[in-house]
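Comments concern the structure below.
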Amino acid sequence: MSSLAAAAQPLAPSAQPLAANLVQSVDWLAIAPPTIAAIVGLVVLVADLFVGDHKKALLGWLSVAGLTAATATLLPLLDGDRATFCLNGTPDVCSYTADRFTLVLQLLVLGGALLTALLSVTALKDADKKLPEGEYWFLLLSSAAGAALLPASRDLATLIVALEVASLPAFALVGLRHGDRKSSEAALKFFLSSVTATAVSLMGISFVYASTGTLYLTQIADRIQHVDGQLHTLTQTGVVLTLIGFAFKTAAVPFHFWVPDTYVGAPLPIAAYLSVVGKAVGFSGLILVTVVALPSYADVWGPALAALAALTMTVGNVGALRQQPTRAYSAVRLLAWSSVGQAGYLLVPIAAAAYSDDPERSIGSTVAYALMYAAVNLGAFAVAALVGRTRALNRLTDYRGLHASNPSAALLLAFFLLCLAGLPPGIIGLFAKVTVFSAAVDAGLGWLAVVMAANVVIALYYYLQWTALLFRAPEGEPAPHRIPAPLTAAIALTGVLGIALSGAPQLVLRFADTGLF
C-alpha cells in the first residue's frame with residue numbers, strides 16, 4: 001500500500017491544475033440580460049398552462065416587463081468591461097465578454113425585441129386565437145435570449161449555440177399562424193436556408209478548429225498565423241465556408257432568396273423582428289469571426305465582403321424598385337427588399353476593416369448604422385402594422401391619403417422613410433450613410449463608395465414614391481384609424497428616438513465606439 005501511495009504522489013501536482021482549469025467562474029451580473037429573457041420565457045410557458053383564455057393578454061405584458069428588465073440590466077454594466085466563463089490561468093481567454101461592443105448590440109437586440117413585443121400585443125389580439133399566445137411569447141423570448149447572448153460570445157461553440165437559439169424559435173414564429181398556407185411556406189423556406197447556413201458554418205468552424213486546436217476567438221487569431229504549411233488549404237477552406245455561412249444569416253446576396261416570402265408569410269411583428277434583430281445577430285457574428293478571430297486572413301474576407309456588399313445593396317434596391325404598388329403585400333415586400341439593400345450598406349464598413357489602419361472605427365460605423373436602421377425600420381413596420389389592421393393586403397396603394405385619416409402616423413412614416421433614404425429631416429439616416437461612405441473611402445475602397453452612392457440614388461426613388469403617396473388626395477372617404485395603446489407606444493417610441501437622434505446625430509457614433517480591440 002505504501003509503495004502505491006508513493007507512486008501516486010507525483011501525479012497529484014500535475015492533476016490539480018488540469019482539474020482546476022475546468023472550473024470556471026460565473027459573473028451573474030454580466031450574463032443577466034440574456035438570462036433574464038430566458039427565465040421569463042420559461043415562466044411564460046409554464047404560466048400559459050394555468051392562465052385562462054380570457055387572461056392570456058397578461059402573458060404579453062409579462063413578456064414586455066421581462067424584456068424591459070433585461071434591457072435595464074445593461075445599465076450597471078456600463079462602468080467597465082466584464083468577462084466570465086474564463087479559463088483559469090488565462091483570464092483573458094473567456095467565453096463571454098460584456099464589453100462596449102456587446103452592450104451596444106445587446107441594447108439593439110433587446111430594445112428591438114421589446115418594440116416587437118409591443119407590436120405583438122395588438123397583433124395577437126387581432127389574430128383572434130389563430131396565434132397561440134403562450135407559445136408565441138415563449139418563442140419570442142427564447143429567440144431574444146439567444147440574440148442577446150451572441151454578441152457576448154468569444155468562442156466558436158458559444159457563438160454557434162447562440163446563433164441557433166436565436167434562429168430556431170424564429171422558424172416556429174414565422175409558421176405559427178394556424179391554417180395559413182402562406183405562413184407555413186415562408187417558415188419552410190426560412191428553415192431550409194438557415195439550416196444550410198448552419199451546416200456550412202459548422203463545417204468551416206470544424207476546419208478552423210482542426211487547424212488551430214482551439215475554439216476561443218483570441219487564441220484562433222494568434223494560432224492561425226502559425227498553422228503548419230500542410231494545413232493551409234484546410235484553414236483557407238474553413239475561413240471561406242464560415243464566411244458563406246454567415247452570409248446566409250445576414251441575407252447577403254445570393255443567399256437572400258428567403259427574405260421577401262418569409263416577411264410576407266410571417267406575422268408582421270415577426271417580420272419587423274427579423275429585419276432588425278435577425279440582422280443584428282448575423283452581423284455581430286460576422287464581425288466577431290472576421291475582425292476578432294481571423295484578422296490575419298483579411299486578404300480573404302476583405303475582398304469577399306466588399307463584393308458581397310456591392311452585390312447585396314444593388315440587388316436589394318433593384319428588387320424594391322420593381323415592386324408594383326397595387327400588388328398584394330407590396331408594402332411588406334418593399335420593406336423586405338429594402339432590408340436586403342440596407343444589409344449591403346452594413347457590410348461596407350466590415351469589408352473596409354480589412355483594409356483600414358483603424359478597423360475599430362470601421363466597425364463602429366457598422367454599429368452606428370445598425371442603431372439608426374433599427375429605430376427607423378421598426379417604426380416603419382409599426383405604421384405598416386397599423387395600416388394592416390384595416391387593409392389586410394397591405395399594398396402600397398393602401399397608404400394613399402394616410403395623412404387625412406391619421407396625420408401623425410403619416411408624418412412619422414414619412415420621417416422614417418426619409419431616414420432610410422438619407423434625406424433631411426431624417427438627419428440620422430444621412431449621418432449614418434456618410435459614416436459608412438467615409439469608412440469605404442478611408443479604406444481605399446473608392447469603387448465600393450461609388451456603388452453605394454449609385455444605390456442611394458436608386459433607393460431615393462422608391463422611398464420618395466411611397467412618401468408622396470401618404471400625402472395624396474385619398475380615394476373615397478378616409479376612414480380614421482383607431483390605434484391601440486401598445487401600437488401607439490411602439491410608434492411613439494421609435495418616432496421619439498429617430499427625432500432625438502436626428503437632433504444630435506453625433507451621439508450615435510460616439511455611443512457606437514465598440515471597444516472591441
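This structure is a prediction, so every number in the text was calculated from the model and none was measured.
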Next item on the list: Output all residues satisfying side-chain contact (heavy atoms from CB on, under 4.5 Å) with Thr290, sequence neighbours left out; order by chain, then residue number.
Entry: Leu243, Leu286, Trp301, Leu305, Ile350
Item checked: Nearest-0.5 Å distance, OG1 of residue Thr84 to OH of residue Tyr96 -> 9.0 Å
Item checked: Heavy-atom pair with the smallest gap, counting every atom of Leu59 and Gly134 -> CD1-CA, 4.0 Å
Margin query: Restricting to side chain to side chain donor-acceptor pair (under 3.5 Å), what partner residues turn up for Ser338, sequence neighbours left out?
Written below: Tyr463
Note to self: Applying side chain to side chain donor-acceptor pair (under 3.5 Å), can you list everything that pairs with Asp398, at least two apart in sequence or on another chain?
What the structure shows: Arg391, Arg395
Check: Applying ring-ring contact (aromatic ring centres under 6.0 Å, His included), which residue pairs with at least one partner in residues 115-171 are found, sequence neighbours left out?
Finding: Phe171-Phe190, Phe171-Phe191
Margin query: Among residues at least two apart in sequence or on other chains, which ones pass salt bridge (charged side-chain N to carboxylate O under 4.0 Å, His left out) with Lys189?
Written below: Glu185, Asp261
Can I get a per-line list of side-chain donor-acceptor pairs under 3.5 Å for residues 418-429, giving both atom names and the distance, sequence neighbours left out?
none

Next item on the list: Scan residues 407-430 for pairs that pass side-chain hydrogen bond (donor to acceptor under 3.5 Å, both in side chains), counting only residues two or more places apart or in two chains.
Entry: Asn406-Ser408
Check: For Asp48, which residues count as a side chain to side chain donor-acceptor pair (under 3.5 Å) partner, sequence neighbours excluded?
Finding: Lys56
Checklist line | Pairs meeting criterion ring-ring contact (aromatic ring centres under 6.0 Å, His included) with involvement of residues 259-290, two or more places apart | finding: none
Check: Can you list every ring-ring contact (aromatic ring centres under 6.0 Å, His included) pair that touches residues 379-402, not counting sequence neighbours?
Finding: Tyr399-Trp466
Next item on the list: Please name all residues satisfying salt bridge (charged side-chain N to carboxylate O under 4.0 Å, His left out) with Lys279, sequence neighbours left out, ordered by chain then number.
Entry: none
Next item on the list: Please name the pair of heavy atoms, one in Leu308 and one in Pro254, separated by the smallest distance, quoted to 0.1 Å.
Entry: CD2-CD, 4.3 Å
Next item on the list: Mind listing the closest non-hydrogen atom pair of Ala382 and Leu487 along with its distance?
Entry: O-CD1, 3.7 Å
Notebook entry, point to check: Partners of Arg400 by side chain to side chain donor-acceptor pair (under 3.5 Å), sequence neighbours excluded?
Noted result: none
Next item on the list: Compare every heavy atom of Ala374 with every heavy atom of Val276, then report the nearest pair and how far apart it is.
Entry: CG1-CB, 3.4 Å
